[in-house]
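Just so it is clear, the model here is predicted, and its values are computed rather than measured.
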Number of protein chains: 2
Amino acid sequence: MKINQRHEKIIELLSREGQFSVETLAQRLDVSLMTIRRDLKTLSQTGQVSRTHGGAVLSRTGSINFLFQQRENQNLPKKQAIAREVIRMIHPGNGIILDNGSTTLEVARAMSSMSDLTVLSSSLLVASVLHTNERMEVVLLGGVVRKNFPDLTGPLTEENLKGFRVHLAVVGADAASSEGTFTHDVRTARVTKVMTQAADRVVVVFDSSKFTKTALAHCLDWKDIHVVVTDEACPESIRSWLNKAVSKVIYAPLTPSSSQ
Amino acid sequence: MKINQRHEKIIELLSREGQFSVETLAQRLDVSLMTIRRDLKTLSQTGQVSRTHGGAVLSRTGSINFLFQQRENQNLPKKQAIAREVIRMIHPGNGIILDNGSTTLEVARAMSSMSDLTVLSSSLLVASVLHTNERMEVVLLGGVVRKNFPDLTGPLTEENLKGFRVHLAVVGADAASSEGTFTHDVRTARVTKVMTQAADRVVVVFDSSKFTKTALAHCLDWKDIHVVVTDEACPESIRSWLNKAVSKVIYAPLTPSSSQ
DNA sequence: AAATTTTGTGACAAATTGAAAAAAACAGGT
DNA sequence: ACCTGTTTTTTTCAATTTGTCACAAAATTT
């Protein structure tokens, strides 16, 4: 049994029975006392368990651990450049819908110091980034918690959106082609579509690598989109048709403060 | 077999079984250990898997940090005793509403290994405890994220609840007296009240220390409650009137498995 | 056939584990 | 409150496993 497996097992055992002695854990997992102590040390350093004399209990600190797959962690500079452009469209008093996705998450991070905004989102990550801001109201749309993803989908999410009307919807995409935007999951595609219907202005954000990717679920047609924000690495071959398909396209410069 | 094919195969195997050793992967794909290591290196650089010593797991590094005030961390054994009694009322196929609060959180923890349940909650903590269970559907009610608390309140939360009808609502209380239950926050009191209206059966859980506390917002009348679960430390002076006020009161024994 | 990419092999570095000894914490008893 | 014996933790070290690097062999592409 590998170290990570053992760590997960310890957490599992602890969450089932509350507390365990080092000795019992060592017997159950068939390793030495020393190994369990080392495991508990690392687990307590990451805040997952609390040590006691002779054992450990589940840590009940004030942080939530949502485990989920981290699909994309790339193109962060591009996403940040895109986020910088998007927040220039946001003004105090606005109501904003934020989709889930790594690019919209960067938008949320860039927004985190703004004030007097109402933010609607289906993403627990977005909520976690913004909820500490006292001058911002964060509304989490209801819905089914998707397995392995920190977001909400389903009829409830879609129904909730119908009760709102916001200035701006910032939505993402997993892939883009001349036929529009695409996402990997049909459920999130539906939510994204409804989000755009609840907003006066629809901004779609995705880095230029998305033009070379494919995703199964069609999400938005270009005609439903008011602004596309992508990055300057977008090749000319794409710009030529994209500029025709969407009324406003912003190619975010990667250098932080080039102009304006 | 091409390199990309192999990478996809590794992801596929990992998503099926969660974890693989380098050696097993090398055997399955009929390549050397070095090749697998190189594959895992590139896959972990693109964030698709996480390396472990001797193997790899699907990347699940994402953890959300909701910081919040940690009001109560006491009486854990009592709360766990209460939770043990509550889960005996829960059966496969049921729909359950879980309120927020430290006692209902223990109920969620006790529920975490059950299956075929639909759980509605306004608590992000409850969702974080249950969302990894594949055999459970976790529905988060929409609402405003309360500052410093990992839960949702507001009109949207209340409105959402009206669309559901569940077998059991498990709700908490910050204080209890002969006049009913009380909570510190008016907003959560409202949500709790609506929760009870959406359930066939209302179970209120709180440890016996709550009888000596006060909280400003009146939440529930005893007549609206079907079952109260508290712990055996509840004094006789309270039991005498509580037994008359509520049709069923359970005084959970603190010893884990005394009898049944 | 040459160039590029991919794969395998060996030597060495790093991590994981378990055992034993030393240090610290705990529980009674005086 | 102090001491003492026991339990637990920490420290250190050696054995084993695993990972990394550099370079050669093989396969693929041009």
Can a side chain N or O of B:Thr35 be found less than 4.0 Å away from OP1 or OP2 on C:dT7?
-> no
With distance as the sole criterion, is a donor-acceptor pair present between the side chains of A:Ser209 and A:Asp207 under 3.5 Å?
-> yes
Which of D:dT18, C:dG8, D:dT9 is nearest the side chain of A:Lys2? It is D:dT18
Please report, rounded to the nearest Å, how far the P atom of C:dA15 is from the CG atom of A:Asn4.
-> 15 Å
Indicate the ring-plane relationship of B:Phe211 and B:Trp241, choosing parallel, tilted or perpendicular according to the 30° and 60° boundaries.
-> perpendicular
Given that A:Thr52 and B:Thr52 both sit by DNA chain D, which one's nearest nucleotide is further toward the 5' end?
-> A:Thr52
Among D:dC21, C:dC26, C:dG8, which nucleotide sits nearest the side chain of B:Lys41?
-> D:dC21
Give the rounded distance in Å between these two atoms: NE2 of A:His7 and P of C:dA15.
-> 15 Å
Return the value, rounded to whole Å, for the distance between atom CD1 of A:Ile36 and atom P of C:dT17.
-> 10 Å
Side chain of A:Arg51: nearest nucleotide among D:dT9, C:dT7, C:dA19?
-> D:dT9
Just checking B:Leu33: base, sugar-phosphate only, or nothing, at a heavy-atom cut-off of under 4.0 Å?
-> nothing
Could you state the CZ-C1' distance from A:Arg37 to C:dA23, rounded to the nearest angstrom?
-> 13 Å
Determine: side-chain N/O of A:Arg6 to OP1/OP2 of C:dT17, distance under 4.0 Å, yes or no.
-> yes
Nucleotide C:dT6, atom C1' - distance to CG of B:Leu29 in whole Å | 15 Å
Whole Å only: how far is the CG atom of B:Leu25 from the C1' atom of C:dG8?
-> 17 Å
Which nucleotide in C:dT7, C:dA25, D:dT11 has an atom nearest any side-chain atom of A:His53 | C:dA25
Under 3.5 Å, is there a donor-acceptor pair between the A:Ser21 and A:Glu23 side chains?
-> no
Taking atom types as modelled and ignoring hydrogens, do the side chains of A:Ser123 and A:Asp151 form a donor-acceptor contact shorter than 3.5 angstrom?
-> no
B:Asp231 versus B:Ser208, side-chain donor and acceptor atoms under 3.5 Å | yes
Report yes if a donor N or O on one partner sits less than 3.5 Å from an acceptor N or O on the other, where the partners are the side chain of B:Arg38 and the base of D:dG19; otherwise report no.
-> no
B:Met34 vs A:Gly54, nearer the 5' end of DNA chain D by closest nucleotide | A:Gly54
Scan B:Ser21 against the nucleic acid and name what it touches under 4.0 Å (heavy atoms): base, sugar-phosphate only, or nothing.
-> nothing
Would you kindly give the CG-to-P distance between A:Asp39 and D:dT9, to the nearest whole Å?
-> 13 Å
